[in-house]
Protein chains: 2
Amino acid sequence: MNHVKEYRQQRGLSQLKLAQAVGVARQTINLIENDKYNPSLKLCLGLAKTLGTDLNSLFWEE
Amino acid sequence: MNHVKEYRQQRGLSQLKLAQAVGVARQTINLIENDKYNPSLKLCLGLAKTLGTDLNSLFWEE
DNA sequence: TAAAGATGTCAATTATAAGTGACATTTCGA
DNA sequence: TCGAAATGTCACTTATAATTGACATCTTTA
């Protein structure tokens, strides 16, 4: 479980807009939000910066 | 730049010991420490937990 | 000063992240 | 309530993370 979807929606972005901002395909965002796979660190950093947050807020549990 | 090497040395672990603890090859740790590639989120989480820290401490800049 | 441990790096292979195109369903504003 | 936007998912391909084995160099320590 991660918090990408929550942060994306708070920012009023669609999966497509977020994908374009980060430079990946829309499907990649969809898969990450639904925990279907394991993104790279570079992509996690891009998501955190684009969403105005940090790695722990998006991906750290406990 | 990341802080894996600093945390590993603080814990008194070799690259090999850390690799075994996290479940990857020694070369993988070496490449990450020298910024030769882009680890997966799952591996970053494993490193953070094994080293008793979190994602931001190891991988977040600024 | 020899030997063992630790590190950096290479080549080749395997596993999987990520891309592309497409289609069905759901959501939401005109 | 119709149509467009948004989302979830499929199959297939491409890029690259990660593995394995090997070897050279550099540190330590016996």
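Here is the naming used below: chain letters follow the sequence lines, and residue numbers restart at 1 for every chain. Because only heavy atoms are used, hydrogens play no part in the values below, and waters and symmetry mates are left out as well, while side chains stay in.
- dT7(D) atom P lies 14 Å from atom CD1 of Ile32(A), rounded to whole Å.
- Closest approach of Glu61(A) to Met1(A), counting heavy atoms only: OE2-O, 2.8 Å.
- Evaluated for a side-chain contact (heavy atoms from CB on, under 4.5 Å) with Ile29(B), the options Asn34(B), Leu18(B), Leu16(B) yield exactly one hit, Leu18(B).
- For Arg8(B) and dG5(C), the CZ to C1' distance is 13 Å, given to the nearest whole Å.
- Residues from residues 38-54 of chain B placing a heavy atom under 4.0 Å of any atom in DNA chain C do not occur.
- To the nearest angstrom, C1' of dT9(D) lies 7 Å from NZ of Lys36(A).
- When the nucleotides dA18(C), dT9(C), dG8(D) are ranked by their closest atom to the side chain of Lys5(A), dG8(D) comes out on top.
- Residues Tyr7(B) and Leu13(B) are members of one and the same hydrophobic cluster, defined by side-chain heavy-atom contacts under 4.5 angstrom among Ile, Leu, Val, Met, Phe, Trp and Tyr.
- Using a 4.0 Å cut-off on heavy atoms, the residues of residues 14-22 of chain B that approach DNA chain C are Ser14(B), Gln15(B), listed by number.
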(message) Counting primed atoms plus P, OP1 and OP2 as sugar-phosphate and everything else as base, spell out the protein contacts along nucleotides 24-30 of chain C at 4.0 Å heavy-atom distance: B, S or - for each nucleotide, 5' to 3'.
(response) -------

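- Within the model, atoms OH of Tyr37(A) and CG of Leu31(A) stand 5.0 Å from one another, a figure rounded to the nearest 0.5 Å.
- The main-chain N or O of Leu55(A) is found under 3.5 Å from a side-chain atom of Asn56(B) such that the two form a donor-acceptor pair.
- Residues passing the side-chain hydrogen bond (donor to acceptor under 3.5 Å, both in side chains) test with Gln20(A): none are found, sequence neighbours excluded.
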Enumerate, atom names and distances included, each donor-acceptor pair closer than 3.5 Å involving a side-chain atom of residues 42-51 of chain B, sequence neighbours excluded.
from: Thr50(B); atom 1: OG1; to: Gly46(B); atom 2: O; distance (Å): 2.9

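- Asn2(B) CG to Trp60(B) CH2: the interatomic distance, rounded to the nearest 0.5 Å, is 14.5 Å.
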Using atom names, set out every protein N or O paired with an N or O of nucleotides 24-30 of chain D below 3.5 Å, distance rounded to 0.1 Å.
none

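- Between Asp35(A) atom CG and dG8(D) atom P the separation is 12 Å, expressed in whole Å.
- Rounded to whole Å, the distance from CD on Glu33(A) to P on dA6(D) is 13 Å.
- Using a 4.0 Å cutoff on non-hydrogen atoms, the parts of residues 23-30 of chain A near DNA chain D are Arg26(A), Gln27(A), Asn30(A), ordered by number.
- Asn34(B) places its CG atom 6 Å from the P atom of dT9(C), with the value rounded to the nearest Å.
- When the side chain to side chain contact (heavy atoms under 4.5 Å, CB included) test is applied to Gln9(A), the partners found at least two apart in sequence or on another chain are Lys5(A).
- Judged as a side-chain hydrogen bond (donor to acceptor under 3.5 Å, both in side chains), and not counting sequence neighbours, Gln27(A) has no contacts.
- Looking at Val4(B) and Ile32(B), their side chains come closer than 4.5 Å, going by heavy atoms from C-beta outward.
- Here Glu6(A) pairs with nothing under the salt bridge (Lys or Arg N to Asp or Glu O under 4.0 Å) rule; sequence neighbours left out.
- Over its length, the helix from dT1(C)-dA30(D) to dA30(C)-dT1(D) turns its helix axis by 50°, as judged from the five terminal pairs at each end, rounded to 10°.
- Atoms CG (Leu13(A)) and P (dA5(D)) sit 17 Å apart, rounded to a whole Å.
- In this structure, His3(B) NE2 and Arg8(B) CZ are separated by 14.5 Å, a value rounded to the nearest 0.5 Å.
- In this structure Ser57(B) satisfies the side-chain hydrogen bond (donor to acceptor under 3.5 Å, both in side chains) test together with Thr53(B), Asp54(B), sequence neighbours excluded.
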